[in-house]
> 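Below is one structure. I have some questions about it.
Throughout, a chain's letter reflects where its sequence line sits, starting with A, and its residues are numbered from 1. Here the structure is a predicted model, which means the values were calculated and not measured.
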Amino acid sequence: MKSSQIRKAFLDFFASKNHHIVASAPLVVKNDPTLMFTNAGMNQFKDIFLGNSPVQFPRIANTQKCLRVSGKHNDLEEVGHDTYHHTMFEMLGNWSFGNYFKKEAIEWAWELLTEVYRLDKDRIFVTVFGGDQGDGLEQDTEAFEYWKAIIHPDRILFSSKKDNFWEMGDTGPCGPCSEIHIDLRSIEQRLAQPGKELVNQDHPLVVEIWNLVFIQFTRLSNGQLKPLPDKHIDTGMGFERLCMALQAKQSNYDTDIFQPYIAKLSEMANIAYGSANMSDVAMRVIADHLRAVSFAIADGEIPGNNKGGYVIRRILRRAIRYGYTFLKFREPFVHQLVPVLVANMGNAFPELVAQQDFVKRVIAEEESTFLRTLATGIQKFENYLTAHSGRGTMDGGFAFELYDTYGFPIDLTQLMAKERCWSVDMEGFELGMEAQKLRSRSAASVETGDWVEVQQAFSDTRFVGYDAHEAEVSLIKYRKVLSKGKSYYQLVLDCTPFYAESGGQVGDRGWLQANDTKIEIVDTQKENNLVVHIAESLPEELPLKFVARIDQVKRNLTENNHTATHLMHAALAKVLGSHVQQKGSLVNEERLRFDFSHFSKVTADEIEQIEQIVNAKIRENIHQEEHRELEMEQAKSMNAVALFGEKYGEKVRVIAFDPQYSTELCGGTHVGATGQIGLFKIVSEGAISAGIRRIEAVTGSAAEEFVNKKAKELEALKSLLKNPTNSVAVLQQLLDQNEMLRKALDQMEKEKARLMVPELLEKAWEVNGINCIVQRLNTSAETAKDLAFELKARMDNLFVVLGYVHDSKPGLAVLISENITKERGFNASEIVKNLAKHIQGGGGGQPFFATAGGKNPDGLDKALAEAKKMFAV
RNA sequence: GGGGAAUUAGCUCAGUUGGCUAGAGCGUUUGGCUGGCAGCCAAGAGGUCAUCGGUUCGAGCCCGAUAUUCUCCA
């Protein structure tokens with residue numbers, strides 16, 4: 001069975017059991033402060049489990065792309081070294097939200113595995129939760145009974161809380177689970193040791209393939225468990241492992257999910273897979289990481305230096321590093337695998353096909369950046385070895401600096417050191433690392449208190465802000481949050497006119513008022529689907545009912561910018577082409593910022609065209625067309641623009657300004673008619689990373705101010721230039737002229753020095769074969785220096801002391817022919833220091849030439865006199 | 001969000017306790033030599049040492065701010 005068929009069979013099976021099949025959520029998580037990437041199939045249903053969102057379909061199944069780089073069983077550094085760890089993987093899952101429970105979950109799992117996939121029943125073992133004293137929980141006899149009806153009790157194992165009790169986090173929904181394991185060893189091995197003994201022992205061929213979680217409790221922050229009124233099923237089956245089992249392979253990497261990349265890599269590197277351990281590891285690493293990185297980029301997470309972007313960068317760089325070291329690639333290579341990936345997975349994940357070029361380009365760019373980083377690191381490394389030759393051990397601090405500051409991988413440092421028979425002080429390295437981690441952690445801790453529930457029976461905050469700017473609301477719950485020594489409160493209301501930050505539009509500000517108490521709301525945000533109103537302080541007595549009113553001025557200005565963003569998005573596609581995809585957006589009351597995929601600078605001409613189109617649309621005063629509750633299919637038929645990497649619900653909202661021109665899926669708020677925007681003006685355009693440009697723009701009075709300021713600046717410049725007809729040419733001429741004059745002046749100074757030379761040479765006197773010149777001048781330090789060097793060129797065996805006063809500051813220059821410094825032991829630096837005492841200064845230089853400056857011009861003659869004394873006739 | 005670094009010629013980079021008339025290789029220009037490959041020799045041009053301010057007799061170097069870029073951690 002091919003992997004694509006295996007995936008399809010799963011979805012078909014659960015569809016036949018009345019499950020609604022949903023698309024995989026994006027890999028990149030938005031609106032959840034605790035999570036950067038989707039790391040489990042249940043992520044997109046978290047709000048349903050938490051009770052923040054209503055249940056639309058009680059039965060759901062899907063395949064979900066997931067990414068894990070850390071956690072109890074996942075360390076990035078291990079991926080590729082074994083046969084079954086991955087960064088990105090697919091999780092097949094079926095869900096019940098308050099619908100069926102343990103019986104059906106167990107029976108269907110068995111039916112699918114043994115009747116559809118026809119797995120060998122003798123190879124299957126299951127585990128059941130064995131109870132836990134600390135939590136006061138009995139063993140899960142219910143699950144045990146259901147299993148006993150279909151599988152021999154010998155094959156059922158009871159396991160501890162560690163393995164068989166699932167929790168979402170420190171608090172929240174949780175419950176016992178039941179795992180299905182499969183023994184893929186050969187008959188001989190199975191006879192030699194019963195598979196039962198290897199379950200949960202990290203054996204590569206006795207693996208868990210499916211976890212059935214029975215959510216029946218919620219854990220409170222005091223650690224207690226509270227039974228849930230509605231019980232849920234949450235299952236997850238590792239797709240890659242399932243394929244390994246069904247394709248009778250010994251390793252996930254031997255399945256048709258990974259082999260195409262390995263084959264291609266093997267061809268590119270001209271190294272057969274299986275020929276050497278480390279090259280095999282490298283190929284597995286790259287095959288795995290290629291998938292993770294490509295999917296993340298397609299979902300909008302670009303390699304970068306913080307948050308999710310940094311995770312992606314680390315994964316990609318790890319792939320490059322393995323290719324560099326073990327497959328000897330010296331040019332970007334990972335991006336060449338993207339077409340293979342698209343050919344393989346494009347069918348199941350259309351976003352890959354649509355974004356293929358972009359993904360390829362971003363990866364290629366990151367690859368060449370990293371290869372450059374490696375090159376500078378190698379140079380630093382070599383410099384260090386030369387500077388400390390003979391030591392044999394590299395200082396851990398330096399190794400850390402190489403890693404921390406120059407991004408040079410520590411294992412590469414170790415490898416290169418080993419090749420030279422050096423070692424690396426790893427203790428010192430770890431020390432530096434720990435200090436770094438400590439700093440970061442202490443800077444970013446957030447403490448959240450328990451929710452104080454004021455009212456029950458709550459499903460979803462109703463948003464009324466599209467139509468109203470104020471509303472009567474009641475408080476549902478609130479909590480206190482501590483972050484970086486500051487505390488604030490989060491409030492949840494039954495309904496609200498406050499728009500919560502999302503889709504780039506900032507959250508509303510405003511007030512909650514009840515009789516004489518007034519609470520200021522400084523921001524509104526979303527945590528998953530939960531709308532939280534943020535207040536810096538709360539009154540002692542908290543009323544239950546309020547009038548909620550938003551700051552309307554801020555909202556209006558924000559709407560101007562949001563609508564302008566839509567108009568510009570459409571204009572960009574028109575002017576630049578259809579490859580323009582939104583990659584990020586920020587809309588607040590001051591300006592708008594829009595990131596989009598495009599591979600070259602937007603020219604001044606194009607900017608002008610874009611502004612023209614947008615301003616024309618503003619002047620048309622187009623009325624907003626809003627469709628609040630559309631089926632996704634309907635929206636698509638209207639050609640509404642949707643974003644990759646954005647999770648849309650079953651019902652979507654569509655905003656159009658002239659359906660022929662701009663139609664977008666959007667939850668944000670907009671102007672009633674475009675004329676309100678007044679004026680649109682692009683303020684800046686630039687690159688933000690490979691293949692992504694950023695435009696910032698302003699509207700309304702802010703745009704007016706911007707234009708006026710520019711005009712004033714230009715006026716001021718022109719009037720300084722005496723209002724010429726062609727001010728640019730005049731300015732250029734002025735700059736050229738300035739450069740020319742500067743050089744001419746330089747020449748003059750040198751010339752002046754040269755002219756003084758004969759006169760000075762005449763004043764020279766000779767003592768013991770040394771030609772002495774001591775003279776007071778009226779020049780700058782620069783000229784005196786030139787002069788000294790001119791003299792040196794004309795006369796041998798020279799000893800020169802020149803004194804000068806420039807800008808009412810005295811200075812000295814001492815020059816001695818090099819042969820004399822050596823033969824007679826004179827040192828210009830020491831001499832000048834001595835002489836400088838008379839002018840209250842100090843100085844120094846090389847033995848043959850030194851300068852000094854001072855504060856007291858009156859002492860200059862004294863200094864020169866002393867110089868003369870040294871060589872008195 | 002918190003650290004560490006970098007910014008010097010068209011490019012890649014040196015510049016060691018502040019004393020520098022700021023260097024190298026590549027590239028470039030000119031002249032000469034030369035039968036191949038990155039040909040050889042000689043001479044030259046090319047720098048407000050990122051920007052602004054400070055310390056100092058003196059700053060490419062020290063201190064502060066800004067900008068841009070790189071990088072690690074969360």
Side-chain angles (χ1 to χ4, degrees), chain A residues 33-34 36 69-70 303-311 313-314 317 366 369-370 372-377 379-380 382-383 386-387 397-410 429 432-446 483-486 686-689 735 738-739 742-743 745-746 749-750 753 780-793 803-815 827-833 835-857 859-860 863:
Chain A
T34 65
M36 287 190 296
V69 289
S70 59
N305 64 350
N306 52 35
K307 298 259 163 83
Y310 183 55
V311 174
R313 162 174 285 178
R314 260 170 55 199
R317 291 191 166 195
E366 179 68 18
T369 305
F370 186 53
R372 262 203 306 278
T373 300
L374 286 182
T376 47
Q379 196 162 22
K380 294 260 168 207
E382 295 293 344
N383 288 350
T386 327
F398 177 73
F400 181 70
E401 187 193 334
L402 214 49
Y403 171 76
D404 183 57
T405 305
Y406 299 100
F408 200 72
I410 182 64
F429 176 83
M433 199 72 187
E434 274 313 305
Q436 160 91 306
K437 286 188 178 176
L438 206 70
R439 260 199 308 273
S440 293
R441 252 199 297 275
S442 61
S445 69
V446 178
S483 172
K484 276 175 269 164
K486 273 190 180 172
I688 118 154
S689 80
L735 288 173
N738 187 44
E739 175 73 8
R742 200 178 58 82
K743 281 183 184 164
L745 196 63
D746 229 40
E749 282 290 318
K750 286 219 163 89
S780 69
E782 200 62 20
T783 312
K785 212 184 257 177
D786 283 339
L787 197 46
F789 278 84
E790 278 294 330
L791 290 170
K792 180 170 166 255
Y804 53 85
V805 178
H806 189 70
D807 282 346
S808 71
K809 275 183 175 178
L812 290 162
V814 176
L815 184 136
N827 187 326
S829 186
E830 275 162 32
I831 292 167
V832 87
K833 269 179 199 158
L835 297 179
K837 284 174 189 159
H838 298 290
I839 53 171
Q840 287 175 26
Q846 304 110 297
F848 85 99
F849 177 75
T851 57
K855 292 177 190 170
N856 178 18
L860 191 58

> For atom P, what is the distance between rG31(B) and rU7(B), given to the nearest Å?
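My reading of the P atoms in rG31(B) and rU7(B) gives 38 Å.
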> Between K855(A) (NZ) and rG58(B) (C1'), how many Å, whole number?
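Rounding to the nearest Å, NZ of K855(A) and C1' of rG58(B) are 12 Å apart.
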> Write down the distance separating the C1' atoms in rG18(B) and rC62(B), rounded off to the nearest Å.
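The same atom, C1', in both gives a distance of 7 Å.
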> Minimum heavy-atom separation for F370(A) and G407(A), please, with both atom names.
CE1-O, 4.0 Å
> Specify the separation, in whole Å, of atom CG of L374(A) and atom C1' of rC70(B).
13 Å
> Please report the shortest heavy-atom distance between T373(A) and Y406(A), naming the atom on each side.
CG2-O, 3.0 Å
> Under 4.0 Å between any heavy atoms, over every strand shown, what does G407(A) touch: base, sugar-phosphate, or nothing? Just pick one.
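Sugar-phosphate contact only - G407(A) comes under 4.0 Å of backbone atoms but never of a base.
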> With P as the reference atom in both, quote the distance from rC41(B) to rG36(B) in angstrom, rounded to an integer.
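rC41(B) and rG36(B) have their P atoms separated by 14 Å.
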> Name the closest nucleotide to the T373(A) side chain, picking from rU71(B), rG3(B), rA74(B).
rU71(B)
> Which one is paired to rC33(B), where only Watson-Crick or G-U wobble pairs with both distances under 3.5 angstrom count?
rG39(B)
> Ignoring hydrogens, what is the shortest heavy-atom contact between I839(A) and P810(A)? Give both atom names and the distance.
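In this case the closest contact between I839(A) and P810(A) is CB-CG, 3.9 Å.
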> Could you work out the separation of rG15(B) and rG54(B) based on their C1' atoms and round it to a whole Å?
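Straight-line distance between the two C1' atoms is 24 Å.
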> Should rU69(B) form a Watson-Crick or G-U wobble pair with both distances under 3.5 Å, which nucleotide is its partner?
rA5(B)
> Counting only Watson-Crick pairs (N1-N3 plus N6-O4 or O6-N4) and G-U wobbles (N1-O2, O6-N3), all under 3.5 Å, who is the partner of rC13(B)?
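Paired with rG23(B).
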> Can any side-chain N or O of S829(A) pair as donor or acceptor with the backbone N or O of G845(A) at less than 3.5 Å?
yes
> Closest-nucleotide mapping onto RNA chain B: is K792(A) or Y403(A) further toward the 5' terminus? I mean the 5' end.
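That would be K792(A).
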> rC13(B), rU71(B), rG2(B): which one has an atom nearest the side-chain heavy atoms of Q379(A)?
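The closest nucleotide is rC13(B).
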> If every non-hydrogen atom of A863(A) is compared with every non-hydrogen atom of L812(A), which pair is closest and at what distance?
CB-CD1, 4.3 Å
> Can you tell me how far P of rC57(B) sits from CG of L835(A), to the nearest Å?
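In whole Å, rC57(B) P and L835(A) CG are 18 Å from each other.
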> Return the nearest nucleotide to the side chain of M433(A); candidates are rA74(B), rC72(B), rG19(B).
rC72(B)
> May I ask you to say what G811(A) touches in the nucleic acid, namely base, sugar-phosphate or nothing, with a heavy-atom cut-off under 4.0 Å?
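G811(A): no heavy atom of the nucleic acid under 4.0 Å.
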> Any donor-acceptor pair under 3.5 Å between the side chain of Q436(A) and the base of rG4(B)?
no
> Taking atom P of rC70(B) as reference, at what distance in whole Å does atom CG of L402(A) sit?
18 Å
> Can you tell me if the side-chain N/O atoms of K809(A) get under 4.0 Å from OP1 or OP2 in rC57(B)?
no
> How far does the P atom of rC63(B) sit from the matching atom of rA42(B), given to the nearest Å?
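That atom pair is separated by 42 Å.
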> To the side chain of S440(A), which of rA5(B), rC70(B), rG1(B) is closest?
rG1(B)
> Of the options rA74(B), rC57(B), rG4(B), whose atoms approach the side-chain atoms of T405(A) most closely?
rG4(B)
> Considering Watson-Crick and G-U wobble pairs with both distances under 3.5 Å, what does rU28(B) pair with?
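rG44(B) - that is the nucleotide pairing with rU28(B), both distances being under 3.5 Å.
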> Sticking with atom P, work out how far rG35(B) lies from rC26(B), rounded to a whole angstrom.
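Per the computed distance, 23 Å lies between those P atoms.
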> Show your reasoning for whether side-chain contact (heavy atoms from CB on, under 4.5 Å) applies to R317(A) and T369(A).
CA-CA 10 Å; R317(A) 291 191 166 195; T369(A) 305; 4.0 Å; yes
> Checking base pairs now: Watson-Crick or wobble, both atom distances under 3.5 Å. What partners rG53(B)?
rC63(B)
> Rounding to an integer number of angstrom, what distance separates rG53(B) and rG44(B) when you compare their P atoms?
36 Å
> Please find the pair of heavy atoms, one from L402(A) and one from K380(A), that lie closest to each other, and give the distance.
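In this case the closest contact between L402(A) and K380(A) is CD1-CB, 3.6 Å.
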> If you look at every strand shown and take non-hydrogen atoms under 4.0 Å, does A850(A) touch a base, only sugar-phosphate, or nothing?
nothing
> Check the distance between rG18(B)'s P and K833(A)'s NZ and give it to me in whole angstrom.
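These atoms are roughly 12 Å apart.
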> Please report the distance separating the C1' of rU12(B) from the corresponding atom of rU30(B), rounded so that it comes out in whole Å.
25 Å
> To the nearest Å, give me how far apart CD (E782(A)) and C1' (rU48(B)) are.
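The answer, rounded to whole Å, is 13 Å.
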> Mapping G841(A) and N305(A) onto RNA chain B by nearest heavy atom, which one lands closer to the 5' end?
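The residue closer to the strand's 5' end, by nearest nucleotide, is G841(A).
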> Give a yes/no on whether any side-chain N or O of R441(A) is located under 4.0 angstrom from OP1 or OP2 of rG1(B).
no
> Would you mind classifying the nucleic acid contact of S829(A) as base, sugar-phosphate or nothing, using non-hydrogen atoms under 4.0 angstrom?
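Since no nucleic acid heavy atom lies under 4.0 Å of S829(A), the category is nothing.
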> Separation of N383(A) atom CG from rA14(B) atom C1', in whole Å?
10 Å
> Base, sugar-phosphate, or nothing: which does F408(A) touch, judged by heavy atoms less than 4.0 Å apart?
nothing
> Please name the pair of heavy atoms, one in N305(A) and one in R313(A), separated by the smallest distance, quoted to 0.1 Å.
CB-NH1, 4.1 Å
> Send over the distance from K437(A) NZ to rG4(B) C1', rounded to a whole Å.
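After rounding, the gap between these two atoms is 16 Å.
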> So, is R313(A) close to the rU71(B) phosphate, meaning a side-chain N or O under 4.0 Å from OP1 or OP2?
yes
> What's Q840(A) touching, base or sugar-phosphate or nothing? Going by heavy atoms closer than 4.0 Å.
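Touches nothing.
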> Kindly say whether, by distance alone, the side chain of D404(A) makes a donor-acceptor pair under 3.5 Å with the base of rU71(B)?
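No, the side chain and the base share no sub-3.5 Å donor-acceptor pair.
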